[in-house]
Amino acid sequence: MNDLIGVWVGAILTLLVFSYLLGDSPLFRLAQAIFVGVAVGYAATAAIYLVLLPKLIDPLSADPNRDWHLVIPLILGLLLFAKARASWASLGNVPMGFLFGVGGALAITGALSGVLAPQIGALVVSLSPSAGWDVVISNVLMVVGALGAFLSFRFIIPGKNTGARAFDQVARGWGYVGRWFILIAFGAIFAGTAASRVAVLINRMYYLMHDWLQVVK
Amino acid sequence: MLYCTHCGTQNRDGSKFCNTCGARLAPQSGLVCAMCSTPNPVESVFCVKCGARLVPLTQPPASDKPPAPPPIKGLSLPSKSATEDKIPAQPESPATDAAPSDDWLAHLRASAPADEDQPATESAEIFSDRSAPAESETRAPKIKGVEDIPDWLNTSTQPQAEAAPEIAEEKEPTWVRQMRATMPAEETQTPLDEPDPTWIRQMRAAADQTETPPTPEEQTPSWIEQPRAPIQDREPSWLEQPGSVAPVAEQPRAPMPAEPIAPVEAEMPAWLAQLRATARAEESPSETISDQAPAWLQAAPTSAEPPVESSEPEIEKPDWLTSMMAEPAPATESAEQASEVPDWLRAALPPSAEPMMPITPQAPAETESPSEELIESLSALPSPFALAEPTISGEVEEEDIPEWLRTAKPAEKPEVSMGEAAPGIERGQVPEWIAALKPVETLEQWPSETMEGEPVETIGPLAGMRGVLPLANAIAEPHILSTRPAATPEKSGARIFESLLSAPAALAAPIATKRAPTFALGRLLVYLLLGLVVIAPFLLPLDWSSALLDISRTPTTELYDALNALPANSTVALAFEYDASNAGEMDLQARALARHLAQRGVRVIALSTYDTGPQIAQRVLEDATRGMDKYVYGVNYLNAGYLAGHEAGLAQFATTGFAAFARDGKQNQPLAQFPMMTNVKQLRDIALVVVVAGSDDALKMWMDQVQPRGVKIAAGVSAGGEPKARAYRTAQQLTALMSGLIGAAQYEILAGQPGLAVISVNAQSAAQLVFVFLIVIGNLVFWIGRARSKAK
């Protein structure tokens, strides 16, 4: 019975969202409000029952002497409520600064170690024909495309000497090629996104026909 | 101080009535200027107003008597006090107050011996002042023609005639009787019933006529002749000849010579010569024309004649100057006013009154004295400066132009106007629009006053004149180049623009919300076509896409091989990094992976950094393990739950392992309680981490925080995140990569269990074919429409 109600609720909400294809309507707004409300309620519940209670309150209440260091995140979390009042807002800057500082440090170190260095190393590829001509061509295209993408973001006033002028001409041409690589990548991303949205559509249509209408086995 | 003649009380100067008895005080003795009738203090020698000499430079009469002391200052020709006319008539005559006046007479008696030898004129002055109150009564019924008589004559004749019977002889002081005895017999024996002497009657009769008859000298009273006697010897003949003094009314107003008195200086009295000398400094250094008489007096009879007969030397004059000199209108009127002035007063006219300075003609105002009338009438004469300005009208002939101006005459230039074509220049070379832009030259209003410092003409008929041609004014006039006046079209345009600016802003037209029916219909057709294409694979038993799927040498195959190579009882971390929005695509990948792992007996620990991830993971795992009774939760698979903190949580997970998780996502129990977690503490206890990411950002977090720590990561991403995820695979950061619905279908085929993913790929392939069809159709319509628009 619960599954049946859930299927009907899910089916009705799906149709309400599809009503947006005919234009904005109160039905779509109703479904949108329901989803937002459910998401917020679920997030709050998850934060309380999946984070605060098991990771902060329960350890502190069970054995404070062992987990006394949890008082620091507790105080920082309480200071966030100071943002609600203008006169106390400066107190909330402490946990905000802590969050931004930790997040920035993690992002920078992660980008350096997880993206920049490995991606630069990935450009060092073999152009030996022993790996196969297709691999050579692919590597060449990858290197040319990657460097061209970098050069397409080159906004430098060219020098006056001959070498600088020649390099500027080469960089401009290479950057123009790299710009086409970027455009092709954007096209691929757009096509993949469209395919993803079609897959979601298919899932919803299958749900309606299989779970709700049960016309598809 | 003034002493009251009634009670002898001292009163302040200027008082008219006594402070004690209220009697009228005798007017303060003083000297009234014969020229301007201005009262002057007794000790004054020159008038404080007009500068005329009040005390004549007379010599004591030659007699046997010892020389008299110098005359007392302030006593001069008999005159009438200016304030006397303003005093109202007293009810009782001062003559009846003779007895009380003995006091002041006694006061004067002390100085009587010194005054006995004074001239009769001084005595007359005393009598005149003494009898002033009684005079106001007797003069009330004024005889016709008396008003034409100068005031000084009234004050010197009538009072004397009336005061004589009033003053009793027995009351007269001795010194008065002695002084009277020295007076001529004619005066003392004047009958009282004849108040006017003969000469006055004759003068009155002459005043009734238009022309003033000459004053016969023999009819002049002896008392007034006597004072003139001492200077009669030096009096010029022209002053003695009655006919020489022409009536002023007949005098033309011709310009008077600059120096009229110089030739007769030898024959003039000393006092008159001194007056002339004081005025000489103010006169222009013009040459004297006549040497027999004052020029202005000489010009009087001759100016009545035509200008040709003037005594002035014949000078070549321009016509315009001659015509302007003949203007008689203002001169006639002034001459009539000046006719009331006696001749002897004209003779005493100070040279300063001569019209040598440029005086602006004014309307004749009511004057207080004949001398002022004369001055104003003379000032009404046409001044050469007043005639100077018309000379710039261009009517001056070549010979009349001064030499300096003739030499400075610029060369004539042909004036080219915009409307006329100059010789040698064809008309039309200047476009009209340029001509319209020509600025307009305007002259600012500039005062046309004669500027000081202008040069004086030295030659020619204008010699001696200043500012005849006020070129300085013409040069100083500022020329202003104003902007071009706006044309009519420009004005109309500006008016429209101004109206637009001033008009309130109209509300923008509401955007039509009603869409075109064709567009709505087309969109509905697209929606219907796409819906049918998506539904048809589920309804029709078609499996044409699976045959087309290439499962060899694809990234999905690499992932399958990697999972297939895992030993049994190994642990794989399956990260559900997507939410409900990507569940339709990513659930197929996760389900295929979980089913494959479950079939191989690999333990799976599900986790997620999304708060909804544990719920999705639990649903996918239950669906994937359905029918596998030996694959038990907590033993073979586990939902580790939500990993809070995103990157920070992943960093903690990479550092501390599964200690970062608090409770599982199904039973809300600590992970340590589950049997499968006894041997799994750190990431190194995990054989492989498979990240099913709905977005590239979720995969990036894993690649930034976990992969660098040496953890093997394989990924299944959405179709939209594949381009970015492929870079990780190319860099060998990802062990394997599966993307989109196609990857899920490939994995199902590889696993030998085609399912919903394969069916969904049929629907997706049909939908993509529809997309291609619509794109082609849309481009064809666009290009055809563009070609038609170009053809039109």
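Chain A is the first sequence line, chain B the second, and so forth, proteins listed ahead of strands; every chain is numbered from 1.
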Which atom of B/L524 lies closest to which atom of A/L22, heavy atoms considered = CD2-CD2, 3.2 Å

Given a strict heavy-atom distance threshold of 4.5 Å, which part of A/Y49 is in contact with chain B: side chain, backbone, both, or neither?
-> backbone

Heavy-atom pair with the smallest gap, counting every atom of A/A46 and B/D611 = CB-CB, 4.1 Å

Note: vs chain B, highest number of non-hydrogen pairs under 4.5 angstrom among A/V198, A/V200, A/I189 is A/I189

Cut-off 4.5 Å, heavy atoms of chain A, and the answer for B/Y527 is side chain

Is a side-chain N or O of A/Q119 found less than 3.5 angstrom from the main chain of B/A731, in a donor-acceptor match?
-> no

Under 3.5 Å: donor-acceptor pair, side chain of A/Y206, backbone of B/L756 = no

Just wondering, more than 12 heavy atoms not from A/H210 lying within 6.0 Å of its NE2?
-> yes

Are the side chain of A/K55 and the backbone N or O of B/A660 linked by a donor-acceptor pair below 3.5 Å?
-> yes

Starting at CD1 of A/I202, measure out to CG of B/L741 and round the result to the nearest 0.5 Å.
-> 6.0 Å

Is there a side-chain contact between B/D587 and A/N203, using heavy atoms and a 4.5 Å cut-off?
-> no

Could you tell me whether B/K724 atom NZ has more than 12 heavy atoms of other residues or ligands within 6.0 Å of it?
-> no

Spatial distance of atom OG (B/S760) from atom CE (A/M205) [nearest 0.5 Å] = 12.0 Å

Contacting moiety of B/Q768, where chain A heavy atoms sit under 4.5 Å | side chain

Indicate yes or no for a side-chain donor-acceptor contact from B/Q733 to the backbone of A/G114 under 3.5 Å, with no hydrogens or angles considered.
-> yes

CG of A/L208 to CZ of B/F538: how many Å apart, nearest 0.5 Å?
-> 11.0 Å

Give the member of A/V125, A/T45, A/T109, A/V115 that has the highest number of heavy-atom pairs under 4.5 Å with chain B.
-> A/V115

Considering only heavy atoms, which portion of B/Q764 lies under 4.5 Å from any heavy atom of chain A: side chain, backbone, both, or neither?
-> both

Please identify each residue that fulfils ring-ring contact (aromatic ring centres under 6.0 Å, His included) with B/Y642, with sequence neighbours left out.
-> none

Which atoms of B/D696 come close to chain A, meaning under 4.5 Å heavy atom to heavy atom: side chain ones, backbone ones, both, or neither?
-> neither

Kindly check if the number of other-residue, nucleotide or ligand heavy atoms within 6.0 Å of OH (A/Y207) is above 12?
-> yes

Measure distances from B/F771 to the heavy atoms of chain A and classify the residue's part below 4.5 Å as side chain, backbone, both or neither.
-> side chain

Keeping the roles fixed (side chain from A/S196, backbone from B/G720), state whether a donor-acceptor pair exists under 3.5 Å.
-> yes

Return yes when atom OH of A/Y42 has more than 12 non-hydrogen atoms of other residues, nucleotides or ligands closer than 6.0 Å, and no otherwise.
-> yes

Counting only heavy atoms closer than 4.5 Å, note whether B/I535 contacts chain A via side chain, backbone, both or neither.
-> both

Residue, of A/R204, A/R197, A/M142, that accumulates the most heavy atom pairs under 4.5 Å with chain B = A/R197

Which atoms of B/L530 come close to chain A, meaning under 4.5 Å heavy atom to heavy atom: side chain ones, backbone ones, both, or neither?
-> side chain

Would you mind checking which part of B/A727 comes under 4.5 Å of any heavy atom in chain A, side chain (CB onward), backbone (N, CA, C, O), both or neither?
-> both

Could you pull out the closest heavy-atom pair between A/L106 and B/Q705, with the gap in Å?
-> O-NE2, 2.9 Å

Largest heavy-atom contact set with chain B, pairs under 4.5 Å, which of A/A188, A/G121, A/P118 = A/P118

Engaged part of B/T612 at the chain A interface, taking heavy atoms whose separation is under 4.5 Å | both

Contacting moiety of A/A107, where chain B heavy atoms sit under 4.5 Å = both

